[in-house]
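A short write-up of the structure that comes next.
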Amino acid sequence: MKRQRILVVEDEPDIAEILRYNLERAGFAVEMAGQGDTALEAIRRQPPDLLLLDLMLPGLDGLELTRILRRDAATAQLPVVMLTARGEEIDRIVGLELGADDYIPKPFSPREVVLRVRAVLRRRQAPEAAADVLEIGTLRLDAAAHRLAVRGKEVALTATEFRLLHTLMERAGRIQTRSRLLSDVWGYAEEVDSRTVDTHVRRLRRKLGAEADRIETVIGVGYRLKP
Ligand code: CA
């Protein structure tokens, strides 16, 4: 099984090292950032499976970073566990209101951190695994099993093609602009070359065979999947 990736954002080196050591020992792949803005860059480059985020950081702090992540569709669902020092009661609540999945007060026991991280990851995965099958025409997309069948025949998709089709099927009937798809499927900002989308749609249509026409081109705008 692929190791889950945790991004630890903590400006105090000693605490950061304790977290890294214990999370790695628990089987996670750990990346580190000492500041909010470097963390944001790392997340946009490649979102981790979970963000372990210190509240008080130099520059962009934990709250502001969470706010930015929640506003962006590409990272709105990213699990966030917040680390807070004692006496940050109000900030703590605000943090949860902003959508942090859990918080851990400092000082913490490393064991507790590992348990909380595991619990949040489990919670995040459970509902998806239950029922997330989309069926349109003869397309059947099973999100939990990561499988697509066309007319009952399995079709292999890359991870990006899968996310693209999943997004189009979830929003069937609604036009999706290229920039929206770039942000939601690729997690890119708008300045990225939008031909990436066209290339992937072309490849996806080829794989859909008899259902290729289901993805309509809306000239000058983007794409729409016919419901
Ligand atoms: Ca700090």
Side-chain angles (χ1 to χ4, degrees), residues 1-128 163 182-192:
M1 210 182 100
K2 202 170 147 278
R3 285 196 300 164
Q4 288 181 298
R5 292 173 48 246
I6 314 281
L7 177 64
V8 174
V9 192
E10 168 62 76
D11 58 314
E12 287 160 72
D14 294 353
I15 298 178
E17 213 31 61
I18 291 170
L19 290 168
R20 181 216 284 273
Y21 174 78
N22 284 280
L23 288 165
E24 282 182 348
R25 219 173 52 148
F28 294 106
V30 181
E31 279 158 48
M32 315 289 287
Q35 290 187 18
D37 37 10
T38 52
L40 186 59
E41 284 167 29
I43 293 163
R44 290 198 162 143
R45 232 182 0 254
Q46 196 189 1
D49 295 300
L50 183 140
L51 186 63
L52 188 56
L53 178 62
D54 185 32
L55 181 60
M56 301 300 282
L57 293 165
L60 193 63
D61 72 13
L63 287 180
E64 189 50 40
L65 178 56
T66 308
R67 215 174 273 135
I68 293 168
L69 294 173
R70 290 302 182 237
R71 268 202 305 257
D72 183 347
T75 51
Q77 302 298 317
L78 179 68
V80 175
V81 174
M82 195 89 87
L83 293 167
T84 69
R86 256 183 220 293
E88 290 172 343
E89 222 65 40
I90 295 167
D91 286 342
R92 189 188 272 182
I93 293 159
V94 174
L96 288 175
E97 275 173 0
L98 272 173
D101 294 81
D102 202 355
Y103 67 88
I104 303 169
K106 289 179 179 176
F108 52 80
S109 82
R111 193 173 155 270
E112 190 190 0
V113 173
V114 170
L115 290 176
R116 298 276 193 108
V117 163
R118 283 206 178 115
V120 168
L121 286 168
R122 226 177 11 246
R123 257 199 330 261
R124 282 304 182 108
Q125 283 158 356
E128 223 184 314
R163 277 204 305 278
L182 274 174
S183 126
D184 293 0
V185 177
W186 280 265
Y188 291 161
E190 289 183 26
E191 54 271 14
V192 174

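Remember, it's 1-based here, ligands and their atoms both numbered in the order they're listed.
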**Message:** If the test is side chain to side chain contact (heavy atoms under 4.5 Å, CB included), which one of Ile104, Val81, Ile18, Val8 qualifies with Val113?
**Reply:**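 Exactly one option meets the side chain to side chain contact (heavy atoms under 4.5 Å, CB included) with Val113, and it is Ile104.
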**Message:** Looking at Arg45 and Glu31, is any side-chain nitrogen of the basic one under 4.0 Å from a carboxylate oxygen of the acidic one?
**Reply:**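 No salt bridge links Glu31 with Arg45.
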**Message:** Less than 4.0 angstrom from a charged side-chain N to a carboxylate O is my criterion; do Arg67 and Glu64 meet it?
**Reply:**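 Judged by the 4.0 Å cut-off on N to carboxylate O distance, Arg67 and Glu64 do form a salt bridge.
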**Message:** With carbon and hydrogen excluded and only N/O/S kept, which atom of Asp54 is nearest the Ca ion (ligand 1)?
**Reply:**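 Sorting the N, O and S atoms of Asp54 by distance to the Ca ion (ligand 1) puts OD2 first.
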**Prompt:** In Asp11, what N, O or S atom is nearest to the Ca ion (ligand 1), if we give its atom name?
**Reply:**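 Relative to the Ca ion (ligand 1), the closest nitrogen, oxygen or sulfur of Asp11 carries the name OD1.
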**Message:** Under 3.0 Å from the Ca ion (ligand 1) - does any N, O or S atom of Glu10 fall there?
**Reply:**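 Glu10 does not place any N, O or S atom closer than 3.0 Å to the Ca ion (ligand 1).
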**Asked** Any side-chain heavy atom of Leu121 within less than 4.5 Å of one from Phe28?
**Response**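 Yes, close enough: below the 4.5 Å cut-off.
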